[in-house]
Each structure stands twice: as C-alpha cells, then as structure tokens.
Amino acid sequence: MSEAVQNVAFIGLGRMGTGMARNILKAGFRLTVYNRTATKMQPLIDAGAAGASSPGEAAAAADVVVTSLMDDRSVLDVVTGEQGVLAGLKLGGIHIGTTTVSPGHAARMADLHAAHGTHYVAGPVVGRPDVAEAGQLRTFVAGDPAVIARCDGLLHAYCQMVVNVGEKHQVANSLKLAVNYMGVSLIELMGQVYAFGEKSGIDPQHLKLLMATMFPQPQLQEYAERIRARDFDEVGFALAAGLKDVELMLQASLDARVAFPYASVIRDKFLSAIAHGMGDRDWSAIYEITRMNAGLEWARGGRPS
Ligand SMILES: NC(=O)c1ccc[n+]([C@@H]2O[C@H](COP(=O)([O-])OP(=O)(O)OC[C@H]3O[C@@H](n4cnc5c(N)ncnc54)[C@H](OP(=O)(O)O)[C@@H]3O)[C@@H](O)[C@H]2O)c1
C-alpha cells in the first residue's frame, strides 16, 4: 500500500474538472483523460495527457481514477456502466470522487468498490473554476487512511488544503453540503440586503464596504460584487446545477432531522429563476428573483437590458 501513485485517470472535464486535470498533469503525473463530450479532451491531450474512449479504458491505465461529474446518477453510470470505471480498474486501484453527491451515494460507492477489491476515497471540493485552475481548491477526504496517504501528492496537485475527516465516506459529503448551505445562504442574504438598500436609499458603495468587512473571504467577495453589479454572465456554477445542490442539502437535512429552513426558501428561488430562463446563468442570479419579489426592476434570463 506504500508505493507512490504515478498513473492517474481523470473523468469529467467540465468547468471544475478541466483545471483539476491540468494541475495533475503539471505536477508530473502520467494522466489519461476521458470526457463524454470528446472534444473537451483535446486541450489536455495537447498538453501531454493520453485520451481514452471510455471510463473503463481510462481506469485500466491508472492507479487512481479521479471523477468530477454532475450528480449521483452520472457518477453511478460512469462507475458501473458496461465500459465503466469498475470494468477497467485493477485490483487495489483507487477512485477519488470529487463530485458533489449525497452522503448516501458516497457510502454506496465505498461498498461497490470494496466488493470489487478496489478503494473509494470521498473527496468533494470547495472553490470555483478559477480556483480549480489555480490548483487552490480545498477538499474534505474520507476513507481508509493508508489509501488516503498514498494519494497525498495527487490531492495536493489540485488542492491547497486537504482536510481528512475520517473513515466514514459520507461525512466528507455531509461537510461539503454544510459548506454549500452556508455559501448559498450568504448569497441569498447579500441579495436581500442589496434589494433592501436600493429601496431604502442606501448608497451601494456603503453596502460594498460593509460586505468587504464582514465577508473578506475572496469567493464571498466575488459573489457580493456579482450581486452588486448584477453580473451573472460568466458562469462559475450554473444555476440549474445549483438546484441539484440545494436538493441535496434538503434531503440531507431531512435525513439528519435538522431543519435547513433557508434551503427551502432558496430552492423556490432557484425554481423561479429556472422558470424565467436563468438556468444557464451563474447561481447567484437568484438575486433577480429577489428583485422581482421586492417590486424592483428585474431581468428575465438574468441579463439586465
Ligand atoms: N462549478 C463550481 O463552482 C463547483 C464548485 C465545487 C463543486 N462543484 C461540483 O463539481 C461537479 C462538477 O461541476 P462543474 O461546474 O464542473 O459542472 P460541468 O461544467 O457541468 O461539468 C460536468 C461534467 O460532468 C460530465 N457529465 C455530466 N453528466 C454526465 C453523464 N451522465 N455521463 C457522463 N458524464 C457526465 C460532463 O460531461 P459533458 O462535457 O459531456 O457534458 C462534464 O464533464 C458538480 O457536482 C458540482 O456540484 C462545482
């Protein structure tokens, strides 16, 4: 169990996955990539990665497979499909799951791998695509400590901070949902305050200053600025995908019997925003629904005219 990881497969080259894969390559690992839409593999192939024609082919070339997919369903399909990860990964191989999935899914993945003689590490990530591109993500990892230790160099290739939360895989994903609940609640709160400010005659520059003082963390600053400027065109996290995260939060709160009341309010805003054509905007575009509810001028599709 002590040999160093050299061969890595990366599956899912979306907004997050592309930057993560690029940093793994830069760190000197031998990388094989697979993406459902094959054209997205080309920039990484040009940079020195090998391309695979199925998840199984990518996994067969690797000691460790990293997945960055959309949700529980897409991960399950990619892992258990006829030409899926389990069909290719050799005995003792490792799968690191970075997708934001339900805690129950993480436990199920661990069982599937254990039955197959392979290992699962739950490793959801925190940070937006620009942070992924910079190799500065944070991750919560859970699983067998010896397996995680083998992956240390790999995890640090795409993360600035690796927090080991123990052996129960689902805990890493519960923690990720807790972080996202706080994040999206703050986005909602900032929107409410900007709408209140506009109707009450508060200078938006004063709100900007206040938020810079209260929320100095760079990602929260970026959200505050997007909301102030109503700039949702450059998508870090798509609103339609964000609804998936809010539903995961609500299910997790139900399972734990701990109410997440803001998640219910926010879910309804996501539904309205999607109904008004904002599904492909950044998820902070829910501010437009806050504006509509407040009787302020608002923009269908999240694009002020
Ligand atoms: N964006 C963020 O700020 C952020 C931050 C932290 C965590 N996350 C989480 O990271 C994950 C990826 O997010 P993202 O923003 O990178 O999403 P994205 O840009 O939409 O990328 C999704 C990736 O999953 C693939 N995929 C989706 N459904 C699939 C299926 N059924 N079979 C095979 N491949 C499939 C897509 O392939 P195609 O290219 O073929 O569509 C693409 O490679 C999500 O779970 C998200 O919640 C996102």
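Below, all heavy atoms of this structure are taken into account, side chains as well, without hydrogens, waters or symmetry copies. Here the structure is a predicted model, which is why all the values come from computation and not from measurement. Read the numbers this way: they start at 1 and go in the same order the structure lists the ligands and their atoms. We're numbering straight along the sequence, starting at 1.
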Original post:
With a cutoff of under 4.5 Å between side-chain heavy atoms, which Ile, Leu, Val, Met, Phe, Trp and Tyr residues group with V258?
Top reply: none
Original post:
Which residue, H276, R230, R300, forms the side chain to side chain donor-acceptor pair (under 3.5 Å) with E288?
Top reply: R230
**OP:** On the 0 to 90° scale, with breaks at 30° and 60°, tag the Y194-Y287 ring pair as parallel, tilted or perpendicular.
**Re:** perpendicular
Original post:
For R73, which residues count as a salt bridge (Lys or Arg N to Asp or Glu O under 4.0 Å) partner, sequence neighbours excluded?
Top reply: D77
Subject >> Test salt bridge (Lys or Arg N to Asp or Glu O under 4.0 Å) applied to D71 - qualifying residues, sequence neighbours left out >> reply: none
**OP:** Taking only heavy atoms of the protein into account, state which residues are under 4.0 angstrom from an atom of ligand 1, in chain and number order.
**Re:** G12, L13, G14, R15, M16, N35, R36, T37, K40, S68, L69, M70, S74, V78, T99, T100, V125, G127, R128, P129, K176, G236, F237, K244, D245
Original post:
Quick one: which of K90, R150, R30 gives a salt bridge (Lys or Arg N to Asp or Glu O under 4.0 Å) with D63?
Top reply: K90
